[in-house]
Structure formats: C-alpha cells, structure tokens
Protein chains: 2
Amino acid sequence: MVKIAVDMMGGDDAPGIVLDAVKKVVEDFKDLEIILFGDKTQYNLNHERIEFRHCSERIEMEDEPVRAIKRKKDSSMVKMAEAVKSGEADGCVSAGNTGALMSAGLFIVGRIKGVARPALVVTLPTVDGKGFLFLDVGANADAKAEHLLQYAQLGNIYAQKIRGIQTPSVSLLNIGTEAAKGNTLTKKAFELFEKDHSFNFQGNIEAKTLMDGNTDVVVTDGYTGNMVLKNLEGTAKSIGKMLKETVMGNFKNKLAGAVLKKDLATFAKKMDYSEYGGSVLLGLDGTVVKAHGSSNAKAFYSAIRQAKIAGEENIVQTMRGTVGGKDE
Amino acid sequence: MVKIAVDMMGGDDAPGIVLDAVKKVVEDFKDLEIILFGDKTQYNLNHERIEFRHCSERIEMEDEPVRAIKRKKDSSMVKMAEAVKSGEADGCVSAGNTGALMSAGLFIVGRIKGVARPALVVTLPTVDGKGFLFLDVGANADAKAEHLLQYAQLGNIYAQKIRGIQTPSVSLLNIGTEAAKGNTLTKKAFELFEKDHSFNFQGNIEAKTLMDGNTDVVVTDGYTGNMVLKNLEGTAKSIGKMLKETVMGNFKNKLAGAVLKKDLATFAKKMDYSEYGGSVLLGLDGTVVKAHGSSNAKAFYSAIRQAKIAGEENIVQTMRGTVGGKDE
C-alpha cells in the first residue's frame with residue numbers, strides 16, 4: 001500500500017480537476033491511499049481509501065513563494081508537505097504555485113543529506129514518442145559543476161526506477177558536441193562527468209537534437225534548462241498558431257484541414273510535455289511532484305500515478321544510499 | 001559606391017552559389033563593387049564591377065579556427081578580411097567556417113576601440129513576419145553583465161540603421177519577466193540596462209514569447225543565445241518531421257496534405273531564419289557578415305545586400321562614436 005498526500009487547492013482548475021483525478025485513481029489502483037488537503041466546503045468525495053483533512057488557507061498562484069510557505073501554516077500545500085516530512089505519506093502532488101512548492105520541498109520536506117541542490121526534472125517529448133528526462137528546469141539558476149554532477153546521478157536513478165531503463169544514457173546539454181565546447185560551467189562539468197563511473201555518460205548534446213530521442217537523461221543548469229523548456233513551449237505554440245493561420249487561410253485549405261484535424265490533434269498532444277506527467281523535485285528527502293498549473297484531470301491523475309511509482313520503487317531511499325552518501 | 005569583399009570558397013555549395021549570388025547582385029545594384037577572393041580555375045564571371053583575386057588556399061569547415069586563420073595566409077577568407085582591415089573594402093561576406101570567420105574578424109579586422117567583446121547577431125522570425133534582432137548567438141560563451149550592456153548598445157544601433165526602426169525596443173532574455181528573476185548574470189545586467197539611457201529598455205523577455213513579435217532587439221550571453229537558436233532550429237525541424245509523418249500517415253491525409261503543400265512550404269520558409277539574411281559580428285571595426293553554411297544563392301545574395309546597407313549606413317562609424325567612445 002502506498003499513501004500519497006494531495007493538495008486539493010492548487011492549479012488553475014482546482015479543486016474540480018483534483019477531485020476528478022483522485023476519484024479515478026483510487027478506483028484504478030487498489031493499493032493506493034490518498035490523504036487529501038483542502039477546503040471542506042468544496043470536498044465532495046466519499047471513499048474508504050481517501051482521508052480528507054480540512055485546511056483553512058490556500059496558497060495562491062501570485063503569492064511570494066517563501067513568504068507564503070512561512071506564513072500560511074494551515075494551507076493545503078504546507079499541510080501536504082508536512083505529511084511527507086512526518087513519514088505519514090510516501091509522496092505528495094500539487095498543481096499549485098511552483099515556487100511555493102519548491103520552497104515547501106526545501107524547507108518542510110528537506111534535502112537528502114549530501115545533496116547540495118535539488119533539481120526539477122521533467123519528461124520532454126521526442127520524435128519517436130519515447131521522451132527523455134531533462135533537469136534542472138529551474139530549481140537553481142546559478143549552478144556549479146558539482147551540482148550538475150549530482151543532477152546526473154539523481155537523473156540516472158530516476159530513469160532507472162521510474163522509466164525502467166537499466167543503464168540510462170546521460171548527456172550534458174551544451175552548445176557543441178566536442179568536449180572543449182561550451183562555457184566555463186559546461187567544460188568543468190564535462191570533466192567531472194567523465195571521471196564519474198556511476199552513470200553511463202554519453203558526452204555533450206546540442207539543443208537542436210534534443211527531440212531526436214538519442215539519450216535518456218539530459219543535464220543542464222536551472223537557468224538554461226528553464227530557458228530551453230520555455231523556448232520549446234513557445235516555439236511549438238507559435239508554430240501551431242502560424243499553422244492554424246495557414247490552414248484557415250482559404251476555403252480549400254479549410255477543407256483539407258478538416259480532414260487532418262483529428263490526426264493533428266493527436267500530434268499536438270504528442271508535443272505537449274504536460275501529457276508526460278508532472279515535474280519532480282529530485283534530491284529531496286521525499287517525493288514531491290508538481291503537476292502543471294493548467295493540468296486537466298488526466299494530467300493530474302498521471303502526476304499521482306508518478307508519485308505512487310516513486311513510492312513503490314523506493315526512489316528516495318536509493319538516492320539517499322548513493323548520491324547523498326557519497327558527499328558526506 | 002560601396003565595395004564588398006566576398007569569400008568565393010566558403011559554404012557547403014561554394015563556389016557555385018557564391019558566383020550565382022555575386023552575378024545577380026552586381027546586376028541589381030549599380031552602386032556596388034565586389035572584390036572576389038578564390039580559386040581562379042573555378043572563377044567564371046566577367047563584369048566591370050567585379051574584381052577577382054586568386055588565392056591558393058581555402059579554409060575548410062573542419063579546420064581549427066584560430067590555427068586556420070594564422071596558418072592559411074593565402075586563403076580566400078584571410079585575404080577577404082585583410083581587404084576590410086586595409087580599408088579597401090567596406091565590408092565582407094563569407095559562408096565558410098563560422099569559428100574561423102570570427103577569428104578573422106577578431107585578429108585581422110579587429111575590434112572597435114572600447115568594445116570588450118564582439119557579438120554575433122541574427123534576425124529571428126516572429127509570428128507577424130516582422131522578425132527581431134537576437135544577440136549574442138555564440139561569439140562569447142562566458143559573458144559578463146558589462147558585455148551584455150554593450151550588446152544592447154550595439155544591437156540598438158544596428159536595429160536603427162539596418163532595420164530602420166527609429167527607437168528600437170530592447171529586451172533582456174531571462175527566465176521570468178520580473179526584475180528579480182534570473183541568474184546572477186541577468187540580474188546584474190538588468191540593473192545596468194535600467195541605468196543606461198542610450199536605448200529603450202523594455203525589461204525582461206521570456207523564451208516562450210520570443211516569437212510573438214513584441215520587441216525589436218533581444219540581448220543574451222553567447223552560451224544561452226546559441227542554445228536558444230539551436231533549440232528553435234531543432235524544435236522547428238522535429239515538428240516538421242512529425243507533421244510530415246502525420247500527413248503521410250494514410251491516403252486520406254495525403255490528399256489533404258497535397259492541397260496544403262504549397263502554403264505549408266511558404267510557412268516553413270517563414271520559419272527559416274537563414275531567409276532573413278546572414279549573421280553579423282557586431283563590435284568589429286568593419287562589417288563582417290556570416291552567411292549560413294548551407295546558404296543557397298538567394299540567401300548569399302541577401303547577405304551581400306546586408307553588408308552593402310551596413311556600408312551605406314556607416315554602421316561601424318556610428319558604433320565607434322557611441323559604444324566604443326564611452327568606454328575609453
């Protein structure tokens with residue numbers, strides 16, 4: 001039995017989508033228990049494996065992260081994180097304020113001993129539909145080479161446990177494939193990666209081949225990772241917009257567009273990284289999953305399932321024994 | 001009359017596309033003279049405003065940049081750069097080895113006095129087809145905030161002179177729009193930009209809204225710029241590939257695809273930044289234009305025209321008086 005703490009109040013369409021997702025996920029998995037934190041006036045479920053706890057506060061999207069976590073002691077997000085810290089829950093999921101959730105992770109759940117900086121990891125789409133792990137996408141904007149090395153170790157374990165890849169290939173994001181390319185940070189990280197034999201380092205990867213599906217884990221600093229993530233999102237959106245204009249441009253095209261519509265929608269879905277589940281703060285002493293702010297019930301369901309697998313696979317315990325242990 | 005030095009031997013399809021472009025550009029512009037550097041056995045033009053000079057060497061795409069510039073003294077690229085340095089030519093254009101051309105710019109043409117680091121600028125597409133200037137895309141991977149400030153000043157002048165925008169809006173690429181967002185570099189650069197009144201600073205811009213067409217000049221460091229450029233290129237290519245697979249997936253879609261074909265090609269062209277001309281090394285004491293390695297004759301023609309306008313508009317002289325002068 002795995003127990004996951006869930007923030008009912010976070011996300012653009014909360015609590016509706018959270019309630020729908022929780023209802024379905026406890027039906028689908030008989031070995032799952034949920035502790036749900038939120039406003040009792042909006043709670044409408046009744047299930048033996050859902051324990052509801054009322055919270056008088058909620059953290060808003062525009063709240064200043066650290067301040068919100070410190071002040072809103074009875075918020076659903078703080079209470080959820082405390083359930084992980086106390087060991088009551090195996091992991092937690094929220095679609096709320098990203099910064100606040102990172103702060104809750106850092107200050108309430110806490111880091112694994114020896115991990116200098118946690119990293120936010122997402123699964124990004126590839127042309128072959130397989131996807132790859134990408135970290136850090138924004139937990140730490142000023143990373144050192146030593147931090148990148150730990151991200152590689154954390155990502156390696158996560159790929160093994162969550163994605164079931166025995167020997168994941170790990171690459172370093174850079175502006176050239178040769179060892180001598182890049183800035184001071186990536187050059188130094190390359191050296192550290194080469195010396196470390198706890199993961200299968202495949203060298204540098206360029207941003208233009210990210211989606212080709214040649215690697216399982218791609219490591220970068222939080223500034224660059226966030227930049228690439230948003231650029232990917234923006235480019236896909238802009239292309240979609242221009243494409244739509246092309247298709248809607250005249251009657252003949254409109255007819256052709258109608259024929260393609262369903263397959264184009266499938267395609268757009270393949271491009272949407274929120275379909276691949278939530279992002280996870282790796283390096284914390286507990287599983288913290290961030291569902292996309294604009295999650296629908298299906299995406300939130302995936303995020304809960306992700307936290308469930310992390311619990312079953314004892315990811316945090318493995319990280320404690322390998323990544324954390326080394327640096328003490 | 002403007003005189004442009006051209007490297008006949010650089011680029012994937014040189015000298016064919018260079019000769020075609022030069023032939024057309026001297027026909028189209030009566031006020032343009034070309035000095036063409038290359039292998040005499042491959043030269044086949046004859047025009048009163050083309051002066052041909054034979055060179056016994058050429059720099060290859062795989063040559064180590066600095067070494068190639070120092071050793072291949074009689075290469076078409078070195079000779080071309082020397083013509084700019086001596087004042088014989090107003091600017092130069094090459095589709096050859098990017099690193100070698102940057103080295104030729106730095107070591108032969110030289111920097112404007114007071115400019116710490118030259119920056120490579122490209123024009124990127126926007127949804128509205130207007131485009132924006134983006135720099136630095138890779139001249140300097142480890143930039144300081146002071147360098148970014150000079151890029152903003154250089155980009156501002158370039159946008160005024162080449163793109164004819166009276167008061168260009170200048171933005172700083174960052175991972176959030178608020179002033180406090182980013183890494184140490186962007187936070188410091190934001191402060192410097194705010195204090196400088198020589199350009200119209202519009203604050204931070206995120207990578208996801210780059211293509212929305214809200215700004216004229218976007219400034220970043222060479223590492224991030226190169227990353228975003230390659231990511232844009234790669235994402236567009238991957239989407240194109242996946243889209244093609246969708247359209248070719250079944251007979252019904254193929255028919256619909258055939259209807260859309262021509263408009264989709266126009267659309268793909270709009271996305272291709274090499275269509276917007278070459279990239280330019282700003283901050284050098286002469287105009288150095290880099291045409292894309294895979295340029296066709298039309299793209300190379302655009303690059304020559306770009307160098308011609310830069311010469312007519314006295315861009316380098318203007319930069320000397322403003323950016324360079326300040327820091328001496």
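When the candidates A:T220, A:T184, A:D221, A:D212 are compared by the number of heavy-atom contacts under 4.5 Å with chain B, A:T184 comes out ahead. The greatest number of non-hydrogen atom pairs below 4.5 Å with chain B, out of A:G222, A:G234, A:A143, A:G182, is found for A:G234.
Between the CG atom of A:N174 and the CG atom of B:N226 there is a distance of 9.5 Å, given to the nearest 0.5 Å. Atoms NZ and CG, on B:K230 and A:L173 in that order, are 10.0 Å from each other to the nearest 0.5 Å. Distance CD/B:E233 to OG1/A:T235: 11.5 Å, rounded to 0.5 Å.
Of the two parts of A:T209, neither the backbone nor the side chain holds a non-hydrogen atom closer than 4.5 Å to a non-hydrogen atom of chain B. Neither the backbone nor the side chain of B:N140 comes within contact range of chain A; no heavy atoms are under 4.5 Å apart. For B:I175, the parts lying near chain A are the backbone and the side chain together; criterion is any non-hydrogen pair under 4.5 Å.
Environment of NZ in B:K187: crowded, with over 12 heavy atoms of neighbouring residues, nucleotides or ligands closer than 6.0 Å.
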**Study point:** B:Y223 vs A:L185, side-chain contact (heavy atoms from CB on, under 4.5 Å): CA-CA, chis, key distance, verdict
**Key:** CA-CA 10 Å; B:Y223 176 82; A:L185 176 67; over 6 Å; no

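Judged purely by atom type and a 3.5 angstrom limit, A:N231 uses its side chain to pair as donor or acceptor with the backbone of B:V228.
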